[in-house]
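Below you'll find the structure, written out as structure tokens, and then a few comments.
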There are 2 protein chains.
Amino acid sequence: MRKRATAREVADAAGVSKWTVIRAFTPGASIAEESKRKVLEAAAALNYTPNLLARSLATNSTHQVAVFVDDFANPQKLPFLETLTERLQAEGLVAVLININTHFDHVHALLHADQRQVDAVILFGTAFRSETLSDLQFGRGTPPMFVLARDSQIEGVPAVTCDAELALREIVDHLFERGYRRPGFMTGATVLSTALRRRQHFVEFWRKKGVDDVAVFSAEKYSAEAGADAVRGYLKQTNPADRVDVLMCENDILALGAMDEIRGRFGLRVPEDMAVVGFDNYELCGSSAYSLTTYEQPRDEMVEVIVGIITGRLEPETVTLPGTLVVRNST
Amino acid sequence: MRKRATAREVADAAGVSKWTVIRAFTPGASIAEESKRKVLEAAAALNYTPNLLARSLATNSTHQVAVFVDDFANPQKLPFLETLTERLQAEGLVAVLININTHFDHVHALLHADQRQVDAVILFGTAFRSETLSDLQFGRGTPPMFVLARDSQIEGVPAVTCDAELALREIVDHLFERGYRRPGFMTGATVLSTALRRRQHFVEFWRKKGVDDVAVFSAEKYSAEAGADAVRGYLKQTNPADRVDVLMCENDILALGAMDEIRGRFGLRVPEDMAVVGFDNYELCGSSAYSLTTYEQPRDEMVEVIVGIITGRLEPETVTLPGTLVVRNST
DNA sequence: ATTTCTGTTGCTACCGGGTGCAAACGGGTG
DNA sequence: CACCCGTTTGCACCCGGTAGCAACAGAAAT
């Protein structure tokens with residue numbers, strides 16, 4: 001298989017210099033109609049297109065954005081990724097998907113992204129220790145970092161999130177109104193709970209309602225199975241009379257797992273015996289099999305803002321957007 | 001913010017030439033221990049790491065793989081992406097996620113990937129017209145293309161898939177054994193049905209069992225909602241006595257949507273009134289709320305093979321791997 | 001006819017590394 | 001001390017573009 005044609009080859013074929021070829025491919029460049037036509041003809045014949053790698057090297061901008069993801073169990077990531085990639089591509093950018101795991105941690109990934117000269121890094125809901133990253137942040141030439149769908153806690157690293165305070169206030173108000181008084185909260189991995197702030201606000205708003213006792217327990221991971229395991233553990237070791245009457249889960253996938261366990265294994269009714277609330281409004285939450293009350297993040301707006309920041313249309317600052325409470329039959 | 005350090009700067013700091021610096025960062029290069037130490041020290045002090053962009057340009061290999069995705073409604077994509085990115089990263093490769101949609105079609109994306117000099121392109125279950133792509137394929141220097149989780153139909157473009165024939169045989173055998181005799185099949189978008197071959201084999205194996213009448217209808221898209229819509233349309237216009245006794249759906253997400261509609265809106269029992277079968281074994285299929293019989297694709301093996309092909313460890317040829325029938329309560 | 005201006009084109013230098021060859025080095029051998 | 005040989009280092013040139021200046025032609029102005 002032959003190699004790609006270069007500007008040099010097209011130049012020879014068109015009888016001009018390679019700089020004229022470049023100009024034919026540079027919008028707004030000063031070039032005569034006649035030469036442009038000749039060049040484009042020769043380029044078409046040779047199947048030439050500019051080499052973006054070389055261009056990136058010369059212009060010092062790759063139009064690539066690294067997107068770090070570490071929680072693939074949450075199906076909610078998918079529509080987010082869809083919107084994100086679509087909006088990035090509409091801006092001429094492209095997403096490099098980096099899987100953060102035990103073999104490839106944030107430091108590794110950031111170093112790699114840096115070496116690849118990406119234009120920006122998006123930490124898409126990843127669980128990181130701010131200490132680890134704040135060191136790197138101040139190394140030289142590191143690409144700008146942004147956090148999506150999680151709090152940042154690192155100075156100089158803006159985050160685009162759903163307003164957790166507002167969300168939890170609406171949720172607690174709703175639950176209080178429905179008459180629930182013995183709330184419980186299931187977190188995912190405990191390391192992160194502070195980053196999401198959901199638990200913290202949940203407890204706080206119940207306290208404001210005069211309810212000081214919130215049962216809190218946590219799942220091992222963010223997955224339906226872990227949610228089921230956690231709620232099983234809770235139900236087994238709790239006296240039926242002392243059980244919570246409503247369980248809020250840190251995200252939908254935990255909630256669905258929990259709900260399944262509550263109804264399936266324990267034969268309890270949702271919401272009569274125990275109500276359940278999730279977070280994210282994942283597609284299947286609306287199914288009649290679950291009909292889960294949940295809170296929808298303003299996905300499109302969040303993506304719009306973060307892409308706006310990356311492209312420089314918006315100021316790089318932390319933005320918090322309001323979501324929507326979706327009430328269904330589980331409460 | 002200062003710019004990144006270059007090999008040139010490190011060379012000056014260490015008192016050697018830039019080529020010696022390069023050698024210090026090239027495994028197996030001929031360099032004296034002493035010089036290497038000096039260089040690495042200077043590099044550490046200046047926070048130098050090689051610029052992968054420049055390296056890619058010089059070596060003509062980017063270690064980037066473009067992954068085309070067009071169906072973000074299927075949650076099954078997520079674990080696949082997780083495994084794929086993890087395995088690629090383990091091989092020193094990185095995935096560039098390209099969202100194929102109406103604004104950014106295959107031709108566009110392929111051109112783009114080509115210009116970016118990616119080492120390979122993976123069409124991950126995307127819906128493409130083979131005519132469109134076979135033209136491009138024979139342009140010069142196009143990166144090698146592979147199809148994952150779908151048939152290729154393009155000469156010279158290998159595919160790594162789950163064995164649809166085996167899968168459907170096992171499924172039909174199972175259904176026949178359970179006594180079902182009025183089968184139906186719901187496809188997603190009709191354009192693709194041939195690429196997945198599932199419907200075709202389904203019909204064929206029922207014929208071999210002496211059942212010639214298979215009801216076939218299709219959903220608009222691959223989503224729970226579309227699945228629900230399609231089954232509603234079918235149930236409304238079909239005389240209850242003529243209804244299928246088992247409905248196989250092209251993938252899980254259609255099946256879950258369908259199941260929800262069958263039970264929720266029509267008050268039918270699954271599997272007593274109508275059994276349902278999916279395909280993929282998405283996590284929630286195992287939940288007691290659904291307990292969907294489905295077929296699990298050999299995800300890890302498929303990814304292993306495609307990564308093996310890309311890295312050159314395996315021959316670039318079409319590979320078909322056996323999956324596993326997962327029988328649950330929906331049949 | 002000369003000057004000035006404008007649109008067009010070519011050129012040098014550069015982005016930050018990689019390759020292959022030639023020269024320098026240094027130790028052992030005859 | 002000359003010679004040989006393997007290791008180490010420097011160099012010219014290359015990867016495929018981009019930036020910005022200088023040169024040039026033809027038209028317009030003087």
Side-chain angles (χ1 to χ4, degrees), chain A residues 2-40 42-43 46-64 112 114-119 140-141 143, chain B residues 2-40 42-43 46-64 112 114-119 140-141 143:
Chain A
R2 288 171 305 174
K3 284 189 53 192
R4 295 169 49 89
T6 71
R8 172 85 233 167
E9 289 167 34
V10 175
D12 291 347
V16 296
S17 70
K18 77 164 185 173
W19 296 276
T20 304
V21 174
I22 303 284
R23 285 192 182 95
F25 284 89
T26 310
S30 156
I31 183 174
E33 271 311 313
E34 170 67 9
S35 328
K36 186 162 183 175
R37 192 187 51 69
K38 274 197 304 188
V39 169
L40 292 183
L46 293 171
N47 217 332
Y48 167 82
T49 46
N51 181 329
L52 293 187
L53 208 53
R55 177 179 291 175
S56 295
L57 181 61
T59 58
N60 201 27
S61 104
T62 54
H63 296 276
Q64 293 200 142
H112 184 88
D114 188 22
Q115 290 194 62
R116 289 245 183 226
Q117 317 288 103
V118 299
D119 289 352
R140 53 153 64 188
Chain B
R2 285 173 308 174
K3 283 189 56 191
R4 296 168 49 88
T6 70
R8 172 86 232 167
E9 289 167 33
V10 176
D12 291 347
V16 295
S17 69
K18 76 164 189 173
W19 297 277
T20 305
V21 174
I22 305 279
R23 285 192 183 94
F25 284 89
T26 310
S30 156
I31 183 173
E33 270 311 312
E34 169 68 9
S35 325
K36 186 163 184 175
R37 194 188 48 70
K38 275 197 304 187
V39 169
L40 292 183
L46 292 171
N47 216 332
Y48 167 82
T49 46
N51 181 328
L52 293 187
L53 208 53
R55 176 179 290 177
S56 295
L57 181 61
T59 60
N60 200 27
S61 105
T62 53
H63 296 276
Q64 293 199 141
H112 184 87
D114 186 24
Q115 291 193 63
R116 288 241 184 232
Q117 318 289 102
V118 299
D119 289 353
R140 51 154 63 192

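Numbered from 1 within each chain, the chains take letters A, B, ... in sequence-line order. Note that this is a predicted model, so its numbers are computed, not measured.
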| said: Quick check: closest heavy atoms across A:Leu53 and B:Arg116, and the distance to 0.1 Å? | reply: CD1-O, 4.3 Å
| said: Pick the closest DNA chain D nucleotide for B:Val16 and for A:Thr26 by heavy atoms, then say which residue is nearer the 5' end. | reply: B:Val16
| message | Without decimals, in angstroms, what is the distance between B:Asn60 CG and C:dT19 P? | response | 11 Å
| said: Would you say that A:Thr6 contacts A:Val10 through its side chain, given a criterion of any heavy-atom pair below 4.5 Å between the two side chains? | reply: no
| Spacing of A:Ile22 atom CD1 relative to C:dT9 atom P, expressed in whole Å | 14 Å
| Student check: side-chain heavy atoms of A:Thr20 and A:Ile31 closer than 4.5 Å | yes
| message | Is the phosphate of C:dT9 approached by A:Ser35 (side-chain N or O, under 4.0 Å from OP1 or OP2)? | response | yes
| task | Rounded to the nearest angstrom, tell me the gap between atom CD in A:Glu34 and atom P in D:dG26. | result | 14 Å
| query | Under 4.0 Å between a side-chain N or O of A:Thr20 and OP1 or OP2 of C:dG10? | reply | yes
| said: Once hydrogens and angles are ignored, does a donor-acceptor distance under 3.5 Å link the base of C:dT19 to the side chain of B:Trp19? | reply: yes
| message | In this structure, how many angstroms lie between the P atom of D:dC14 and the CZ atom of A:Arg8, rounded? | response | 11 Å
| message | How many whole angstroms separate atom CZ of A:Phe25 from atom P of D:dG16? | response | 15 Å
| message | Can you confirm whether B:Leu52 sits close enough to A:His112 that some side-chain heavy atom of one is under 4.5 Å from a side-chain heavy atom of the other? | response | yes
| query | Just checking A:Leu57: base, sugar-phosphate only, or nothing, at a heavy-atom cut-off of under 4.0 Å? | reply | base
| query | For C:dG17, does either OP1 or OP2 sit under 4.0 Å from a side-chain N or O belonging to B:Arg55? | reply | no
| Taking atom P of D:dT18 as reference, at what distance in whole Å does atom NE2 of A:His63 sit? | 11 Å
| query | Could one point to a donor on the side chain of B:Lys18 or the base of C:dG17 with an acceptor on the other under 3.5 Å away? | reply | yes
| message | If you go through the side-chain atoms of B:Arg23, does one of them form a donor-acceptor pair with the base of D:dG10 closer than 3.5 Å? | response | yes
| message | From C-beta outward on A:Ser17, which listed nucleotide comes closest to its side chain: C:dG10, D:dG16, C:dT9? | response | C:dG10
| Counting any heavy atom closer than 4.0 Å, what does A:Ser30 reach on the DNA or RNA strands: base, sugar-phosphate only, or nothing? | base
| task | Could you tell me which non-hydrogen atom of B:Gln115 sits nearest to which non-hydrogen atom of A:Thr49, and how far apart they are? | result | CG-OG1, 3.7 Å
| note | Atom CD1 of A:Ile31 and atom C1' of C:dT8 are separated, to the nearest Å, by 9 Å
| query | Atom CG of A:Leu52 and atom C1' of D:dC15: how far apart are they, to the nearest Å? | reply | 15 Å
